Amino acid sequence: MSKEKIKNSLKVGSDKDGYFGEYGGIAAGENLMKNLEELKAAFQDAIKDKKFLDEFAYYCKHWIGRPSPIYFAENLTKKIGGAKIYFKQEHLNHTGSHKPTNTLFQVLLAKRMGKKKIICESGAGQHWSAAAATAAKFSMPIFGVMGDIDVKKVNQNIIKAKHYGGKLKVVPGALREAITFAIKEWSNNPDYYYLIGSTCSSSPFVDIVRYAQSIIGKEMREQFMELEGRLPNEIIGCAGSGSNFTGSMFEFLDEPKIKKVVVEAEETAALTNGTKGIQQGMVTKFLQSDDGSKSLGGSSLGSGIMYYGISPQLAHLNDIGAIEASTASDKELLETYKLVAQNEGIGISFEPAAAITEALKRAKGKPKDYIICVTACGRVEKDLDVIEELIGKDFE
Amino acid sequence: MSKEKIKNSLKVGSDKDGYFGEYGGIAAGENLMKNLEELKAAFQDAIKDKKFLDEFAYYCKHWIGRPSPIYFAENLTKKIGGAKIYFKQEHLNHTGSHKPTNTLFQVLLAKRMGKKKIICESGAGQHWSAAAATAAKFSMPIFGVMGDIDVKKVNQNIIKAKHYGGKLKVVPGALREAITFAIKEWSNNPDYYYLIGSTCSSSPFVDIVRYAQSIIGKEMREQFMELEGRLPNEIIGCAGSGSNFTGSMFEFLDEPKIKKVVVEAEETAALTNGTKGIQQGMVTKFLQSDDGSKSLGGSSLGSGIMYYGISPQLAHLNDIGAIEASTASDKELLETYKLVAQNEGIGISFEPAAAITEALKRAKGKPKDYIICVTACGRVEKDLDVIEELIGKDFE
Amino acid sequence: MIAYFVACYPSFEKSLELIKKSIDAGVNICELGFPTQEASGEGIVIKKAHDHCLERSVSLKDTIKLAKAVRDYNKDVGIVLMGYMSNIFRYPIDKFVKDLASVDADGCLVVDAPHELREENQLRNALNKENLSMIKLVAPTTTDERLKKLSSIFSGWVYSLNFSGISGSKSADLEQVKSMIKKIRNYTSLPICSGFGIKTPEDAKKIAQTGCDGVIVGTAIVDFIEKNIDDKNLPEKVGNIIKNFVKHL
Amino acid sequence: MIAYFVACYPSFEKSLELIKKSIDAGVNICELGFPTQEASGEGIVIKKAHDHCLERSVSLKDTIKLAKAVRDYNKDVGIVLMGYMSNIFRYPIDKFVKDLASVDADGCLVVDAPHELREENQLRNALNKENLSMIKLVAPTTTDERLKKLSSIFSGWVYSLNFSGISGSKSADLEQVKSMIKKIRNYTSLPICSGFGIKTPEDAKKIAQTGCDGVIVGTAIVDFIEKNIDDKNLPEKVGNIIKNFVKHL
Ligand SMILES: Cc1ncc(COP(=O)(O)O)c(C=O)c1O
Ligand SMILES: Cc1ncc(COP(=O)(O)O)c(C=O)c1O
């Protein structure tokens with residue numbers, strides 16, 4: 001990789017005020033400003049510290065099991081007839097998603113900052129179980145917040161996190177309410193480290209999570225060069241707020257020939273259907289009532305992509321045409337789950353099913369040497385009961 | 001690695017009759033002899049075929065996610081006070097255990113032999129879900145057999161296998177009954193490929209499974225040399241029949257300074273408490289009634305290690321003192337699960353909990369530069385409900 | 001004394017009634033909180049009142065109407081709209097400031113709009129042009145460096161947070177409040193009002209003695225309203241509570 | 001005609017009674033199956049009878065006792081013990097052969113003991129020394145090469161399996177049986193008996209016409225016993241069934 005600065009490079013973090021174009025920033029209470037400033041300084045310091053980065057790399061390898069491999073989904077490719085479909089197998093990471101890469105990075109950062117306790121929110125419970133596992137590994141007490149709607153859907157993550165030693169607070173609602181509540185708790189306990197699960201909220205969180213997850217795209221570059229001798233034509237990922245997608249495509253932002261496609265749940269597609277607003281600590285696109293007092297959007301099977309906002313960086317990149325956005329419906333998620341299980345012997349969760357749905361659509365009819373890489377960011381265990389209930393009979 | 005033949009090397013397969021010392025052999029009906037002969041020839045031919053081995057290596061890497069990393073369990077090491085404890089993280093493999101390495105190898109072998117259908121048995125359901133996933137990946141119909149006692153315990157594996165397209169037959173009993181039934185089905189359908197899940201049954205199955213799983217030890221050698229500049233002092237693994245343990249230690253069989261310890265479930269410890277007999281297609285040690293008409297042994301929480309027999313190769317190696325044997329109780333399994341979850345942020349299943357129990361006992365008081373590597377061959381998802389029921393309150 | 005009301009809670013009329021009685025009882029400045037789902041700085045008491053209003057589709061527009069009615073009732077009382085950026089941004093900002101000016105309110109206070117936020121700058125500039133105040137908050141965690149920066153944009157009065165945390169969650173530490181007021185004084189000649197954690201008239205008295213120029217009572221009032229929501233004499237009773245607070249100052 | 005009985009099923013006495021009646025009805029060779037949990041070659045009918053015996057702790061010893069009683073009843077009938085290596089190995093082998101000789105049985109047939117198994121060699125050698133037979137099986141899948149090897153160790157008679165599979169699961173394909181018998185004839189002068197899938201006297205008749213020297217009926221008899229287990233006249237009825245089979249041969 002070239003180390004030269006590219007003029008107008010898109011491979012950059014937020015500007016000095018924490019913005020990406022007109023999105024991002026810090027919309028937080030005065031009582032959190034010191035924490036955010038401290039965090040920003042600590043983050044910028046840490047990523048210049050080779051020892052810290054080596055430590056991150058060490059645990060990525062040994063604890064999480066990175067690099068996650070890329071995988072040529074040969075049967076799906078044949079079935080669809082067109083582009084070569086590759087999965088970036090993030091579901092093979094410890095705890096079953098891309099999430100632990102972020103929790104590992106931030107828990108190490110929290111330790112480096114001398115923090116003694118961790119607080120976090122979660123939607124699908126993947127972030128919660130990853131965070132609790134990481135906190136256990138580094139002997140940090142942790143306290144999590146989830147909405148009761150999500151808790152019902154992802155029982156296994158909740159139990160595992162409990163076994164790791166995490167204490168969970170359940171609040172009425174879903175991810176939005178969990179974030180709001182967690183931020184409140186952080187306000188009350190500014191000595192905590194707030195461990196956010198995605199590329200959202202106030203600066204510098206978006207940069208921190210993006211930094212950690214960018215390892216996905218870096219691995220992809222190496223792996224594709226090794227296996228195919230070239231890079232993919234398209235990179236596709238699902239998004240709740242956008243961490244796995246951002247992590248997958250950030251590495252390639254200055255390579256405009258590589259298409260980057262983000263897929264949201266149809267019911268909560270902030271990037272596609274949202275309007276600009278200021279909530280949840282940031283300026284970005286939201287599904288919101290006209291007056292900004294309420295969030296909108298329905299419920300998706302993919303609890304991890306059921307969020308009414310989107311990463312401000314993605315809102316910006318979408319505005320300037322650096323990425324494309326699409327959506328997937330519940331019906332498509334179920335259908336894609338089935339296809340992947342039966343044809344590739346891989347049980348993915350609902351979130352990556354959204355991304356793979358789009359990949360299948362786009363692969364169709366494309367030339368045989370066209371490569372699409374889609375990030376398979378979660379495994380099915382957490383969704384298994386729901387799938388059995390909804391389409392169990394389809395498999396008899 | 002030296003390619004020279006070592007005199008009296010233990011790193012060998014069975015002898016020309018399929019025996020390891022006085023164990024092993026073929027105790028099968030005449031109607032299966034042709035299949036077994038064919039299989040042996042096909043196996044011996046395949047492992048001389050570089051293309052076949054490359055294919056195996058390719059899918060190991062991209063589909064399963066091998067190599068599984070080694071992981072220094074620093075917190076447990078500190079807590080115990082003594083030897084450095086390492087986990088070989090087989091639970092990070094696709095489908096969550098060491099099993100897919102074997103199913104991958106054999107499904108590729110079945111394809112190479114021109115077989116059109118697969119049949120298999122399973123205990124913990126790990127082999128079943130791994131086998132069904134592999135069969136799906138290679139577009140082979142598959143038919144599995146499990147005992148109803150096990151089916152109740154490992155619901156998730158059953159559902160996943162169904163989603164991959166596997167058809168399951170449930171018979172009264174546990175693994176013993178499943179094997180017996182599967183063999184019968186194979187007798188009725190000699191055109192099937194019988195995909196055995198562990199180092200048991202008639203020759204050449206023990207050799208085939210050992211061959212596939214030996215990749216574990218080969219990876220360990222490289223990984224320890226890279227990370228520690230030396231090999232571990234002890235290698236520990238649990239055993240149902242013994243595939244993960246055999247795969248872990250086979251590479252080191254000619255290095256007698258490296259201790260090899262196999263851990264069985266206390267209730268079904270064939271190696272420790274069994275007597276020599278001929279059942280299930282092989283001569284080996286079993287927990288059996290004096291007259292050989294019935295199996296003995298209780299029930300263990302670790303459904304994958306609840307088997308009343310043991311790999312004939314391990315019976316032999318134990319007789320000649322090349323390996324040691326130990327056992328772990330249900331109470332220990334639960335306690336070890338808790339310890340590992342809370343201290344390392346890793347949710348292991350009951351089977352590796354047996355091996356880790358032994359590792360913790362042995363690490364205590366050992367010098368700090370003594371290294372114990374224990375194979376963590378399964379993740380907790382399949383056992384989560386049982387754990388919640390038994391010790392859920394311990395985590396509140 | 002400064003009192004925080006959730007605007008239009010429990011209804012436009014009742015809210016107006018009890019604010020009138022509060023003014024009669026001696027409130028100097030009314031904070032009119034406009035509801036939002038976010039309310040990330042609010043505790044459960046105030047959040048519940050917000051939710052009540054949201055269910056009835058109370059909007060920022062209604063809050064401005066309420067401000068007008070309050071102004072119509074009393075020419076001198078301070079009127080400050082308090083809430084979150086979300087609603088103001090969507091109003092949008094310029095129209096919000098125009099409407100604020102047209103109802104003769106005094107300014108606004110936005111919980112989640114630090115001066116680092118560009119949209120805050122936009123809002124503040126617009127308010128300044130109309131001679132309206134953007135009330136800024138200072139928290140115990142606010143650094144000296146930051147306080148210095150803030151001092152250049154203080155306007156109207158300064159809201160001194162008695163603790164870092166959400167409303168209604170703790171009680172204030174008097175020594176800390178005292179030293180905070182002192183610190184802020186070094187940077188401004190504007191009135192400093194102290195808020196958060198003032199639950200009883202006795203609390204208010206103690207806080208008043210820390211050297212601040214005013215005390216802000218919020219959760220205590222909203223809590224009383226919530227608990228007596230069906231009481232016919234609610235406005236009088238709220239008035240009495242305010243009287244009791246004022247008496248102690 | 002060769003008949004397979006699960007030894008001591010449903011009890012020692014009843015089992016002996018119905019074997020006696022069967023001999024009277026024309027059975028030439030009795031196969032006495034000794035029970036084991038394994039029974040990997042048996043279908044559900046025979047397996048069920050095995051389980052019945054196992055529950056009552058019937059052992060290989062009991063089967064040998066039964067053989068003695070059968071021999072006491074009839075000097076000429078062939079008596080072959082049939083089962084799995086497990087029980088014989090644990091007996092152990094040498095004692096088993098001695099006991100077999102001492103009750104004047106003719107030999108044994110072990111389902112899961114190919115000649116590749118060293119323990120089979122041990123057993124076979126011991127039987128040979130006592131002039132007892134080790135009956136070997138030939139399956140449709142047995143290769144020519146293998147048959148050649150087997151031919152050198154055939155003893156007593158040859159059990160020709162009519163299909164590859166477990167007992168009681170399918171019906172035999174007559175053409176296939178015919179060509180199998182023919183093939184085996186090339187390698188041996190011993191009698192060849194054909195078994196598996198013979199359910200009715202008509203089946204037996206057809207199989208008998210394939211050129212074999214005897215037919216083996218198993219599941220059909222055990223099934224009848226299972227279904228009429230409480231019938232007081234069970235031995236007579238079994239005898240009648242056998243008669244019917246014999247009549248058709
Ligand atoms: C499995 C899985 N995939 C994807 C996501 C979406 O998160 P993000 O948009 O940050 O990648 C989540 C969030 O919980 C998840 O659990
Ligand atoms: C997770 C796990 N570990 C271990 C085993 C034991 O098998 P083996 O002895 O072949 O390694 C099993 C078998 O099902 C298993 O599922």
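All values reported here derive from a predicted model rather than from experimental measurement. Throughout, protein chains are lettered first and strands after them, A, B, ... in sequence-line order, and every chain is numbered starting at 1.
- For the atom pair CD1 (A:Ile26) and CD (C:Glu120), the distance works out to 12.0 Å, reported to the nearest 0.5 Å.
- With contacts defined as side-chain heavy-atom distances shorter than 4.5 Å, the pair C:Ser57/A:Lys294 qualifies.
- Contacts between C:Val110 and chain A at a heavy-atom distance below 4.5 Å are absent for every atom of the residue.
- When heavy atoms are compared at a cutoff of 4.5 Å, A:Ser295 approaches chain C by way of both its backbone and its side chain.
- Both the backbone and the side chain of A:Asp290 come within less than 4.5 Å of a heavy atom in chain C.
- Chain A forms more heavy-atom pairs under 4.5 Å with one residue of C:Leu161, C:Asn87, C:Val58, C:Val138 than with any other, namely C:Asn87.
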Let's go through C:Thr141 and A:Met33 carefully: what are the C-alpha distance in whole Å and the side-chain angles of both, what is the deciding distance for side chain to side chain contact (heavy atoms under 4.5 Å, CB included) to 0.1 Å, and is it a yes or a no? CA-CA 8 Å; C:Thr141 50; A:Met33 291 308 294; over 6 Å; no
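- With a 4.5 angstrom heavy-atom cutoff, C:Pro114 touches chain A via backbone and side-chain atoms both.
- Legend: residues meeting side chain to side chain donor-acceptor pair (under 3.5 Å) with A:Tyr19, ordered by chain and number and at least two apart, are C:Glu119.
- Highest contact tally toward chain C, considering only A:Ala28, A:Ser289, A:Gly29, is held by A:Ala28 [criterion: heavy-atom pairs under 4.5 Å].
- Contacts of C:Lys61 with chain A are absent, with no heavy-atom separation under 4.5 Å from either backbone or side chain.
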One pair to check against side chain to side chain contact (heavy atoms under 4.5 Å, CB included): A:Thr275 and C:Arg90. What are the steps and the verdict? CA-CA 9 Å; A:Thr275 52; C:Arg90 298 291 307 174; 3.4 Å; yes
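- A side-chain contact (heavy atoms from CB on, under 4.5 Å) with A:Glu30 is found for exactly one of C:Val111, C:Asp112, C:Leu150, namely C:Leu150.
- Side-chain atoms of C:Leu117 and A:Asp17, non-hydrogen and from C-beta on, never get closer than 4.5 Å to each other.
- Residue C:Asn186 qualifies as enclosed at atom CG: its count of foreign heavy atoms under 6.0 Å is above 12.
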Could you walk me through whether A:Gln279 and C:Met85 pass the side chain to side chain contact (heavy atoms under 4.5 Å, CB included) check? CA-CA 7 Å; A:Gln279 292 189 44; C:Met85 232 11 230; over 6 Å; no
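- Ranked by non-hydrogen atom pairs under 4.5 Å with chain C, the options A:Ile179, A:Asn35, A:Thr180 are led by A:Thr180.
- When each of C:Ser86, C:Pro92, C:Ala139 is scored by its heavy-atom pairs under 4.5 Å with chain A, the top score falls to C:Ser86.
- A:Ser293 and C:Gln37 are not linked by any side-chain donor-acceptor pair at a separation below 3.5 angstrom, with hydrogens and angles left out of the test.
- Under the 4.0 Å criterion applied to side-chain N and carboxylate O atoms, A:Glu22 and C:Arg118 are not assigned as salt-bridge partners.
- Between C:Glu42 and A:Lys184 there is no salt bridge, since no side-chain nitrogen of the basic residue lies less than 4.0 Å from a carboxylate oxygen of the acidic one.
- Heavy atoms only, all atoms of each residue included: A:Lys276 and C:Phe89 are closest at O-CE2, 3.6 Å.
- For the set A:Glu37, A:Glu177, A:Gln288, the entry with the most heavy-atom pairs within less than 4.5 Å of chain C is A:Gln288.
- We find the OG1-CD1 distance between C:Thr36 and A:Ile278 to be 11.5 Å, quoted to the nearest 0.5 Å.
- Taken to the nearest 0.5 Å, the CG atom of C:Asp62 stands 9.5 Å off from the CG atom of A:Asp291.
- When the shell of 6.0 Å around NZ of C:Lys48 is examined, it contains 12 or fewer heavy atoms from other residues, nucleotides or ligands.
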